[in-house]
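Below: the structure, in structure tokens.
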Amino acid sequence: MTSEELNELLRVRREKLAAIAARGIEPFGRKYNFSHHAKEIITDFDKLEGQTVRLAGRVVAVRGHGKASFAHLMDMSGRVQLYFRQDTVGDEAYENFGLLDIGDIVGVEGEVFRTQKGEISVKVTSFEILAKSLRPLPEKWHGLKDVETRYRQRYLDLIVNPEVRDTFVARSRVIRALRHYFDAQGYLEVETPMMHPIAGGAAARPFITHHNALDMRLYMRIAPELYLKRLIVGGFEKVYEINRVFRNEGISIKHNPEFTLLESYQAFADYNDIMALTEQVIAHVAREVLGTTKITYQGQEIDLTPPWPRVSMTEAIQKYAGVDFTTVKTVAEARAIADKLGVRYEAKQGIGGILNNVFEEVAEKHLIQPTFITGHPTEISPLAKRNKDNPDITDRFEAFIFAREIANGFSELNDPIDQKGRFLSQVAQRESGDDEAHMMDDDYVTALEFGMPPTGGLGIGVDRLVMFFTDNYSIRDVILFPHMRPQRD
RNA sequence: GACCCACUAGCUCAGUCGGUAGAGCACCUGACUUUUAAUCAGGGUGUCGAUGGUUCGAGUCCAUCGUGGGUCACCA
């Protein structure tokens with residue numbers, strides 16, 4: 001909608017804007033010193049009754065009654081009723097009141113009182129227009145439902161749908177609780193590069209960008225992992241980072257191209273320590289944010305109280321498909337099991353890859369209550385330490401809640417020779433067409449050659465965690481501005 | 001990337017068999033000094049997502065495209 005094509009609703013507001021200016025009033029004000037928030041007027045009424053208060057916020061409803069009018073003012077805390085009387089504010093100010101629209105930002109001064117019908121209100125003695133609103137807000141009763149508009153114009157969603165504001169307040173509290181937990185455990189919060197010459201630490205396609213002055217290709221990071229472990233080599237014993245990573249993949253109810261990942265590393269620990277850390281930190285966040293470790297997600301009761309059961313990947317397959325994968329020695333045998341279960345696999349996949357496919361197909365959907373799955377194949381875990389008794393699997397776990405992977409951790413591979421070999425086999429996979437396989441990172445191997453203590457590492461998808469704690473079904477509902485295509489005509 | 005669904009007023013939604021655009025809220029005009037989804041009287045404000053096609057006639061049928069949602073694939 002261009003300015004040349006203003007419809008009546010927009011035109012009327014522009015006319016009021018001009019009328020306000022013609023009266024010598026700035027329609028876009030400067031500052032306003034407010035004394036209270038709307039919610040305080042309600043909660044502290046006994047103390048504030050008869051007192052003069054100053055509030056600032058958005059007019060969200062107006063009910064005119066001739067020479068007196070009611071309105072509702074909304075600020076960050078909530079809303080409170082305003083009462084405007086011609087004989088209280090004066091004739092001129094009451095005419096100015098007539099130029100207000102729903103959506104305008106105002107500052108008001110007035111006396112706290114209770115109306116005949118019992119609603120706590122502020123009897124306005126004077127007010128200022130702090131910002132004229134030139135566009136109508138969505139409807140007061142049904143709110144804004146159109147999901148496209150909600151995401152593209154999130155500010156409207158936040159103005160009109162209070163539960164959306166609650167979700168993002170809760171998101172902030174989740175992240176704060178995570179930080180508090182790691183800080184209290186003696187972890188150092190660090191920031192590592194967002195732009196990487198080599199995109200490592202996860203199996204994912206990166207976004208590619210370019211540095212002009214250096215004339216070099218850079219990748220937006222897909223994980224901070226390899227940098228955080230360099231810090232462990234450097235002598236930090238406990239580090240964590242909470243920030244964005246970027247993966248050039250499809251968008252879905254569970255995926256946004258940029259998402260928030262928490263990674264932590266603890267020197268001299270192993271994956272068992274990290275499993276304990278995981279269930280403790282998630283339970284801690286639940287208590288901090290919700291006051292309980294028993295949550296309801298999509299109508300399903302979920303008990304986050306530690307400890308969570310530990311089940312190996314092969315045990316889970318045994319349990320849910322009745323198949324013993326531990327005896328498999330050849331790819332042919334693995335394929336035969338997959339075929340029998342109707343699980344698809346690719347030609348390039350070995351025993352480990354097929355095992356993982358079978359697990360995902362037969363077991364994952366059963367993992368509603370928090371569960372640690374352990375013993376992931378070495379083939380799909382190029383950065384994890386091999387199990388002492390079985391080199392084909394790693395000391396790794398994934399935590400599942402509501403059939404969704406919420407955390408991933410392992411004993412970090414600190415043997416540079418093994419790591420080099422793992423990279424080489426990843427490179428071979430890349431060369432055979434797997435563009436999600438790892439790239440060779442010689443600099444990282446060099447770091448390991450200086451000696452990295454045995455280390456336990458953890459990654460938690462923060463957005464998904466927020467989804468659980470706010471009972472949201474789509475990741476878009478816990479990301480303020482989810483990725484969208486640009487609008488076209 | 002594939003398939004399915006949706007797109008009508010500022011917002012939320014109706015729209016029958018293809019017959020020329022509707023409601024509530026919002027908005028405009030008027031009345032109203034304790035209302036609260038205020039009320040009362042009057043007013044419809046629209047490129048029916050876009051472009052083609054079929055038809056005497058398309059919001060409606062067909063095709064292509066766009067955007068969004070869902071399922072699948074990939075991933076956390």
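Note on naming: letters A, B, ... go to the chains in the order of the sequence lines (proteins, then strands), and numbering restarts at 1 for each one. Bear in mind the structure is a predicted one, so any value in this text is a computation, not a measurement.
- Nucleotide B/A38 has no partner under the Watson-Crick or G-U criteria, as no pair reaches both atom distances under 3.5 Å.
- Taking atom C1' in both B/C25 and B/C65, the straight-line distance is 34 Å, to the nearest Å.
- When heavy atoms are screened at a 4.0 angstrom cut-off, A/Lys117 is found touching base atoms of the nucleic acid.
- Between B/G10 and B/C17, the distance separating the two P atoms is 28 Å to the nearest Å.
- Both A/Glu360 and A/Lys140 sit near RNA chain B, but only A/Lys140 has its closest nucleotide nearer the 5' end.
- Using a 4.0 Å heavy-atom distance criterion, A/Gly143 is classed as a sugar-phosphate-only contact.
- Between the CD1 atom in A/Ile479 and the CG atom in A/Asn472 there is a gap of 11.0 Å [rounded to 0.5 Å].
- Distance, A/Glu249 CD to B/C72 C1': 16 Å, rounded to whole Å.
- With B/C27, B/U34, B/U35 as the candidates, the nucleotide lying closest to the side chain of A/Ile102 is B/C27.
- Out of B/U34, B/U45, B/G70, the shortest distance to the side chain of A/Glu8 is found at B/U45.
- In this structure, the OH atom of A/Tyr473 is 8 Å from the C1' atom of B/G70, given to the nearest Å.
- With B/U34, B/A76, B/U71 as the choices, the nucleotide that has an atom nearest any side-chain atom of A/Ile253 turns out to be B/U71.
- Set against B/U12, B/U33, B/C28, the side chain of A/Lys16 has B/C28 as its closest nucleotide.
- Two residues, A/His483 and A/Leu261, neighbour RNA chain B, and the one matched to the more 5' nucleotide by heavy-atom proximity is A/His483.
- Residue A/Phe246 is out of contact with every strand shown, counting any heavy-atom pair closer than 4.0 Å.
- In this pair, A/Phe84 and A/Phe127 present their aromatic rings perpendicular. The plane angle is above 60°, beyond the 30 to 60° band.
- Taking the C1' atoms as reference points, B/U47 lies 13 Å from B/A9, given to the whole Å.
- Nucleotide B/G57 forms no Watson-Crick or G-U wobble pair with any nucleotide shown, as no partner meets the under 3.5 Å limit on both distances.
- Here A/Ile460 lies out of heavy-atom contact (under 4.0 Å) with every strand.
- A donor-acceptor pair shorter than 3.5 Å can be found between the side chains of A/Asp471 and A/Gln298.
- Nearest nucleotide to the side chain of A/Val147, out of B/C74, B/G68, B/U33: B/G68.
- The partner of B/C25 is B/G10, by the rule that a Watson-Crick or G-U pair needs both atom distances under 3.5 Å.
- A distance of about 11 Å separates the C1' atoms of B/G46 and B/G59, rounded to the whole Å.
- Taking the side chain of A/Arg464 as heavy atoms from C-beta on, and the options B/U35, B/G69, B/A76, the nearest nucleotide is B/A76.
- Among the heavy atoms of the strands, none lies under 4.0 Å from A/Arg114.
- Looking at heavy-atom distances under 4.0 Å, A/Leu144 makes contact with sugar-phosphate atoms alone, never a base.
- Side-chain N/O atoms of A/Gln116 and base N/O atoms of B/U35 include no donor-acceptor pair closer than 3.5 Å.
- More than 12 non-hydrogen atoms from other residues, nucleotides or ligands lie less than 6.0 angstrom from CE of A/Met194.
- Counting non-hydrogen atoms under 4.0 angstrom, A/Gln81 reaches a base of the nucleic acid.
- A/Tyr227 has its ring centre less than 6.0 Å from the ring centre of A/His196.
- With a cut-off of 3.5 Å on both Watson-Crick or G-U wobble distances, the partner of B/U64 is given as B/A50.
- Heavy atoms from other residues, nucleotides or ligands lying under 6.0 Å from NZ of A/Lys39 number 12 at most.
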task: Give the intermediate values and the outcome of ring-ring contact (aromatic ring centres under 6.0 Å, His included) for residues A/Tyr181 and A/His284.
output: CA-CA 8 Å; A/Tyr181 189 86; A/His284 168 79; 5.1 Å; yes

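- Applying the 4.0 Å criterion to OP1 and OP2 of B/C74, one finds that A/Arg205 has every side-chain N and O outside that range.
- Atom pair A/Glu111:CD and B/U34:P shows a separation of 17 Å (rounding to whole Å applied).
- The cationic group of A/Arg114 lies under 6.0 Å from the six-membered ring centre of A/Phe45 and within 45° of the ring axis, placing it in a cation-pi geometry.
- Between A/Ile475 atom CD1 and B/C74 atom C1' there is a gap of 15 Å when expressed in whole angstrom units.
- Looking at A/Glu119, its side chain comes within 3.5 Å of the base of B/U36 through a donor and an acceptor atom.
- At the heavy-atom level, A/Asp435 lies nowhere under 4.0 Å from the strands shown.
- Among the protein residues, A/Gly66 comes within range of the nucleic acid bases, having at least one heavy atom under 4.0 Å from a base atom.
- With distances taken from any side-chain atom of A/Thr115 to the nucleotides B/U36, B/A26, B/G68, the minimum falls on B/U36.
- Per the geometry, CG belonging to A/Asp87 stands 12 Å off C1' belonging to B/U34, to the nearest Å.
- Rounded to an integer number of Å, the gap from A/Leu82 CG to B/U33 C1' is 16 Å.
- B/A63 and B/U55: their C1' atoms are spaced 16 Å apart (whole Å).
- Using a 4.0 Å heavy-atom distance criterion, A/Ala203 is classed as a sugar-phosphate-only contact.
- B/G44 and B/U36 have their C1' atoms separated by 27 Å, given to the nearest Å.
- Taking atom C1' in both B/C11 and B/U54, the straight-line distance is 35 Å, to the nearest Å.
- Both distances falling under 3.5 Å, in either a Watson-Crick or a G-U wobble arrangement, place B/A2 opposite B/U71.
- A distance of about 31 Å separates the P atoms of B/A14 and B/G53, rounded to the whole Å.
- OP1 and OP2 of B/A76 both lie 4.0 Å or more from every side-chain N or O belonging to A/Lys254.
- Distance CG (A/Asp101) to P (B/C27): 7 Å, rounded to an integer number of Å.
- Centre separation under 5.5 Å together with a plane angle under 30° does not hold for the ring of A/Trp141 and the six-membered base ring of B/G24, so they are not marked as stacked.
- A/Arg63 has no side-chain polar atom (N or O) that falls below the 4.0 Å cut-off from OP1 or OP2 of B/U35.
- Under 3.5 Å, the side chain of A/Asp146 and the base of B/U12 form no donor-acceptor pair of N or O atoms.
- When heavy atoms are screened at a 4.0 angstrom cut-off, A/Arg152 is found touching the sugar-phosphate backbone but no base atom.
- In the set B/U12, B/A76, B/C27, B/C27 carries the atom at the smallest distance from any side-chain atom of A/Val12.
- An OP1 or OP2 oxygen of B/G69 is reached within less than 4.0 angstrom by a side-chain nitrogen or oxygen of A/Arg476.
- Here B/A76 presents its P atom at 14 Å from CG of A/Leu458, a figure rounded to the nearest Å.
- Remark: the A/Arg485 side chain and the B/U67 base include no donor-acceptor N/O pair separated by less than 3.5 Å.
- Because its NZ or CZ atom is not both nearer than 6.0 Å to the ring centre of A/Tyr83 and within 45° of the ring axis, A/Lys123 does not count as a cation-pi partner of that residue.
- Between the side chains of A/Gln81 and A/Ser121, at least one donor-acceptor pair of N or O atoms lies under 3.5 Å.
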